[in-house]
Amino acid sequence: MPELPEVEIVKQSLQNKVLHRKINKIKIANKNLRFKVKKNIENILKKRITKILRISKYLIIEFKNLEYLIFHFGMSGTLHFIKNKNLKDTNLSFYHSKSLPKKHNHIEFMFDNFKLVYNDPRRFGFIEYISSKNDLKNYFFKIGPEPLNKKFNFLYLKNILKNKNRNIKNFLLDQKYVSGLGNIYVNEILFLARISPNKLCKKIDNTEITKIIKFSKIVLGKAIKKGGSSIRDFKNSEGIKGSFQAEFSVYNRKNKKCLRKGCNGVIHRILISNRSTFVCQNCQIIKKNY
DNA sequence: CCGTTAACCTGAGAGC
DNA sequence: TGCTCTCAGGTTAACG
């Protein structure tokens, strides 16, 4: 589910609610997420929340004395803010759980007047405790810059692309070079930049590098403004859906008309590394010898 | 080094 | 109704 914009939306929708609050109790209904949830997450109990951060697709809660909980939402993880009055959660339907909305509520963080519930049907997400600022730094040492960061600039991309014999789509999805992009936004960026997802990195020219940078920032910025993309059921912590899916240029638009003015092309769905890839073969010329 | 495949999971939606 | 099949906002190990 969540790429950078969706995690940013969760962060924003959570910030005012949990800042300066304390968690009194953690209920673990199912610790079998992607990694087993360890008991040490309880180290943050009764410690004041000092910050909510986001690094690429990770949500990070900072506690007093610089201890942290980090969340990764995998494909289907969501974090819900629920007031005590609504503890029955009758009005909330979670991702992929219309009939049994509470079935996949795995972890509950109990505050004084509310709780945060981590729901994740597929359990690809995870939660970890980090004990110091230095450990946090080390944890993210290996991931690349976000497209919104100034480190993601022409020289950085130019240098890193020039010798790479792999296609640009897989490169942009590789979190160690660029972090925060997922399948939706990479499809959108390459369409707007009019670059074939199959094109080899080393053949990406200067103009195209500039376009990738430009459209990465534009697409992510717009998606955040629109509350993220809810192609199934992504919701922020208040249960509100995003609306950027209404503005997709290519993603999920198989067999539909290309939206670029003057183009009569049709959007095709192809597979790259077994993941859905949407292209207009007019706008994004695909050559076999790329 | 590179792409693909499978694996980790559950559920929605399509087609029969 | 129900069965089977495909697909899904992610990541990563193993293989060729």
Side-chain angles (χ1 to χ4, degrees), chain A residues 1-10 30-36 54-59 70-79 93-106 119-128 139-140 142-144 160-189 197-203 219-220 223-224 226-236 241-248 250-255 269-278 288 290:
Chain A
M1 172 240 333
E3 303 179 37
L4 186 154
E6 288 74 36
V7 182
E8 177 64 23
I9 291 307
V10 173
N30 184 357
K31 62 183 176 201
N32 295 308
L33 302 184
R34 170 136 180 252
F35 306 124
K36 274 213 163 73
R54 179 194 55 72
I55 296 180
S56 67
K57 301 177 188 174
Y58 296 81
L59 181 81
I70 63 178
F71 293 77
H72 192 290
F73 298 108
M75 288 285 262
S76 58
T78 45
L79 205 45
S93 72
F94 295 131
Y95 176 93
H96 278 177
S97 309
K98 282 170 183 152
S99 51
L100 291 169
K102 295 169 73 171
K103 184 176 173 189
H104 301 291
N105 288 355
H106 306 308
N119 180 280
D120 189 354
R122 297 179 73 182
R123 286 186 277 120
F124 291 165
F126 58 88
I127 300 170
E128 286 198 70
Y139 192 93
F140 292 105
K142 53 207 171 308
I143 73 162
I160 210 156
L161 291 175
K162 68 181 174 202
N163 297 320
K164 292 237 169 322
N165 246 323
R166 68 192 301 200
N167 69 59
I168 186 68
K169 189 197 179 203
N170 280 342
F171 170 83
L172 290 174
L173 284 171
D174 192 332
Q175 305 294 304
K176 68 174 177 282
Y177 300 119
V178 192
S179 71
L181 299 180
N183 205 28
I184 291 180
Y185 296 107
V186 167
N187 271 290
E188 292 295 308
I189 290 162
N198 279 316
K199 189 161 185 175
L200 290 186
C201 292
K202 66 180 181 188
K203 300 207 172 176
V219 167
L220 294 183
I224 292 169
K226 294 285 176 176
S229 302
S230 300
I231 63 173
R232 278 177 186 70
D233 242 350
F234 164 73
K235 289 169 183 169
N236 70 16
K241 287 189 177 191
S243 63
F244 190 67
Q245 66 282 3
E247 301 186 24
F248 288 165
V250 280
Y251 188 83
N252 248 352
R253 298 197 64 250
K254 183 183 168 186
N255 293 337
R269 175 181 177 269
I270 61 175
L271 287 179
I272 293 179
S273 292
N274 260 340
R275 300 200 73 185
S276 278
T277 305
F278 299 89
K288 280 179 184 163
Y290 264 161

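Lettering of chains follows the sequences in order, A, B, ..., and the numbering in each one begins at 1.
Cation-pi geometry between Lys31(A) and Phe35(A) is not satisfied (NZ or CZ under 6.0 Å from the ring centre, within 45° of the ring normal).
Comparing the P positions of dC3(C) and dC8(B) gives a spacing of 24 Å, expressed to the nearest Å.
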Worksheet item: Passes ring-ring contact (aromatic ring centres under 6.0 Å, His included), Tyr58(A) versus Phe71(A)? Steps please.
Response: CA-CA 6 Å; Tyr58(A) 296 81; Phe71(A) 293 77; over 10 Å; no
Practice prompt. List the steps, then state whether side-chain hydrogen bond (donor to acceptor under 3.5 Å, both in side chains) holds for Lys164(A) with Asn170(A).
Written response: CA-CA 11 Å; Lys164(A) 292 237 169 322; Asn170(A) 280 342; over 6 Å; no
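The residue Ile272(A) sits close only to the backbone: its heavy atoms come under 4.0 Å of sugar-phosphate atoms, none of a base. Nucleic acid contact for Asp120(A): none, since no nucleic acid atom lies under 4.0 Å from a heavy atom of the residue.
Computed from coordinates, the Asn252(A) CG to dC7(C) C1' distance equals 10 Å when rounded to whole Å. As rounded to whole Å, 14 Å separates atom C1' of dA7(B) from atom CZ of Arg123(A). The distance from atom OH of Tyr177(A) to atom P of dT11(C) is 15 Å, rounded to the nearest whole Å. Computed from coordinates, the Gln245(A) CD to dA8(C) C1' distance equals 15 Å when rounded to whole Å. Here the C1' atom of nucleotide dC8(B) and the CE atom of Met75(A) are 11 Å apart, to the nearest Å. In this structure, Tyr185(A) atom OH and dA8(C) atom P are separated by 16 Å, rounded to whole Å. Note: CG (Asn119(A)) to C1' (dC9(B)) measures 13 Å, nearest angstrom.
Asn183(A) contributes a side-chain N or O that, together with a main-chain N or O of Ser276(A), makes up a donor-acceptor pair within less than 3.5 Å.
For dC9(B), the OP1/OP2 oxygens have no side-chain nitrogen or oxygen of His104(A) closer than 4.0 Å. Note on Ser273(A): every side-chain N or O is 4.0 Å or more away from OP1 and OP2 of dG3(B). Here Asn274(A) reaches the OP1 or OP2 of dT5(B): one of its side-chain N or O atoms lies under 4.0 Å away. Residue Lys57(A) places at least one side-chain N or O under 4.0 Å from the OP1 or OP2 atom of dG10(C). Checking the phosphate oxygens (OP1, OP2) of dT11(C), no side-chain nitrogen or oxygen of Lys176(A) falls inside 4.0 Å. For the pair Arg34(A) and dT11(C), the criterion of a side-chain N or O lying under 4.0 Å from OP1 or OP2 is not met. Of the side-chain N and O atoms in Asn183(A), none sit less than 4.0 angstrom from OP1 or OP2 of dA8(C).
The side chain to side chain donor-acceptor pair (under 3.5 Å) test applied to Gln245(A) returns no partner, not counting sequence neighbours.
With distances taken from any side-chain atom of Arg275(A) to the nucleotides dA8(C), dT10(B), dG10(C), the minimum falls on dG10(C). Set against dT4(B), dT10(B), dT11(C), the side chain of Gln175(A) has dT11(C) as its closest nucleotide. Which of dC7(C), dG3(B), dG10(C) sits closest to the side chain of Ser276(A) comes down to dC7(C).
Stem analysis of DNA chain B (at least three stacked-register Watson-Crick or G-U pairs, each with both distances under 3.5 Å) gives B:2-8 with C:10-16, B:10-16 with C:2-8.
A 4.5 Å side-chain heavy-atom check between Phe278(A) and Glu188(A) finds every atom pair outside the cut-off. The side-chain heavy atoms of Phe234(A) and Phe244(A), taken from C-beta on, include no pair separated by under 4.5 Å.
Other residues, nucleotides and ligands contribute at most 12 non-hydrogen atoms within 6.0 Å of the NZ atom of Lys36(A).
Stacking here means ring centres nearer than 5.5 Å and ring planes tilted less than 30 degrees, and by that measure Phe124(A) stacks onto dC8(B).
Applying the 3.5 Å distance criterion, the base of dC9(B) shares a donor-acceptor pair with the side chain of Arg122(A).
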